[in-house]
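Report on the following structure.
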Amino acid sequence: MLNIVIFGAPGSGKGTQSTKISEKYALEHISTGDMLRAEIKANTEFGKKANSYISKGYLIPDEVMIDKLDDLMKKKNGVKGFIFDGFPRTIAQGKALDEMLEKYDEKVTVVLSLEVEEDELVDRILKRGEISGRSDDNRETVEARLNVYHNQTEPLKNYYSEQFKLVRIPGQGTIDEVFESISTVLDRIIG
Ligand code: ATP
Ligand code: MG
């Protein structure tokens with residue numbers, strides 16, 4: 001299997017690039033953000049609880065997210081691989097993902113880290129907020145999200161670079177330019 005983690009700060013383009021990767025390489029796209037937003041839209045109890053964290057820019061607690069990811073993965077059998085978008089977001093989640101994949105005798109193949117400067121991230125998120133209707137795409141929440149990213153999520157870069165799995169992708173070009181860089185990396189891995 002080809003198991004990709006797409007990694008990056010909020011607004012770095014994980015969702016956009018994941019959709020393109022999953023189409024080209026026929027991988028199963030697992031987006032925790034999309035899953036959470038579907039729950040919020042359906043107004044489930046879980047969605048309401050989740051939104052209380054999301055709207056403040058905080059992470060949903062690890063135990064909850066790890067269980068949810070386990071559920072999502074169990075539903076997908078016989079796939080060629082996964083693209084994990086928005087998970088892991090903490091070291092604990094990273095370790096949990098390794099354990100889950102181990103159960104299937106699998107592992108994370110590569111981690112694609114989308115590198116985008118902070119000013120650009122803020123611009124993109126505020127622009128997206130004008131149309132997304134997301135409770136977290138606004139000036140008040142964006143700062144908290146970036147702090148959470150630096151404190152809780154960014155340490156995963158070390159976790160993966162120590163395993164020689166981290167590949168940095170320049171994330172500030174056009175969508176197609178970024179995808180081109182990603183494809184070059186993935187084509188080399190597939191061989
Ligand atoms: P993109 O790069 O696609 O713009 P994003 O960071 O803007 O990504 P999502 O991945 O959609 O946004 O996540 C939105 C919010 O959902 C997070 O700020 C967080 O509150 C919650 N969330 C998503 N995934 C997780 C996770 N793995 N653990 C905890 N909370 C999560
Ligand atoms: Mg997203």
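Keep in mind it's a predicted model, so treat the numbers as computed, not measured.
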Heavy-atom distance under 4.5 Å between the side chains of [X] and [Y], does that happen here?
X: P88; Y: V5; value: yes
X: T16; Y: F179; value: no
X: M73; Y: I30; value: yes

Taking only distance into account, with no hydrogens and no angle test, what donor-acceptor pairs under 3.5 Å do side-chain atoms of residues 52-60 form with protein atoms, sequence neighbours excluded?
{"unit_1": "S52", "atom_1": "OG", "unit_2": "K49", "atom_2": "O", "d": "2.6"}
{"unit_1": "S55", "atom_1": "OG", "unit_2": "N51", "atom_2": "O", "d": "2.8"}
{"unit_1": "K56", "atom_1": "NZ", "unit_2": "S52", "atom_2": "O", "d": "2.9"}

Checklist entry - Closest approach of S18 and I6, non-hydrogen atoms and distance? => result OG-CG2, 3.2 Å
Heavy-atom count around [X] [atom1] within 6.0 Å, excluding the residue itself: above 12?
X: E120; atom1: CD; result: yes
X: K103; atom1: NZ; result: yes
X: K80; atom1: NZ; result: no
X: K24; atom1: NZ; result: yes

Please enumerate all residues that pass side-chain hydrogen bond (donor to acceptor under 3.5 Å, both in side chains) together with [X], with sequence neighbours excluded.
X: K107; result: none
X: E143; result: none
X: E28; result: K76
X: K165; result: Q163

Next on the checklist: For residues 9-49, which residue pairs pass the ring-ring contact (aromatic ring centres under 6.0 Å, His included) check, not counting sequence neighbours?
Outcome noted: none
Item to check | Pair listing, ring-ring contact (aromatic ring centres under 6.0 Å, His included) test, anchored in residues 70-101, at least two apart | outcome: F82-F84
Item to check | Pairing residues for I189 by the side chain to side chain contact (heavy atoms under 4.5 Å, CB included) criterion, not counting sequence neighbours | outcome: L2, T109, V110, V185, L186
Checklist entry - For E106, which residues count as a side chain to side chain contact (heavy atoms under 4.5 Å, CB included) partner, sequence neighbours excluded? => result M1, N3, L101, Y104
Next on the checklist: Between K14 and G8 (side chain of the first, backbone of the second, donor and acceptor by atom type, cut-off under 3.5 Å), is there such a pair?
Outcome noted: yes
Test of understanding: with salt bridge (Lys or Arg N to Asp or Glu O under 4.0 Å), list the residues that count as partners of [X], not counting sequence neighbours.
X: E177; value: none
X: E45; value: K48
X: D71; value: none

Item to check | side-chain contact (heavy atoms from CB on, under 4.5 Å), paired with I66, selected from D62, D70, V64 | outcome: D62
Checklist entry - Just by distance, with hydrogens left out, do T90 and Q152 show a side-chain donor and acceptor under 3.5 Å apart? => result no
Next on the checklist: Would R145 and D137 count as a salt bridge (charged side-chain N to carboxylate O under 4.0 Å, His left out) here? Give the steps.
Outcome noted: CA-CA 10 Å; R145 288 166 71 193; D137 282 348; 2.9 Å; yes
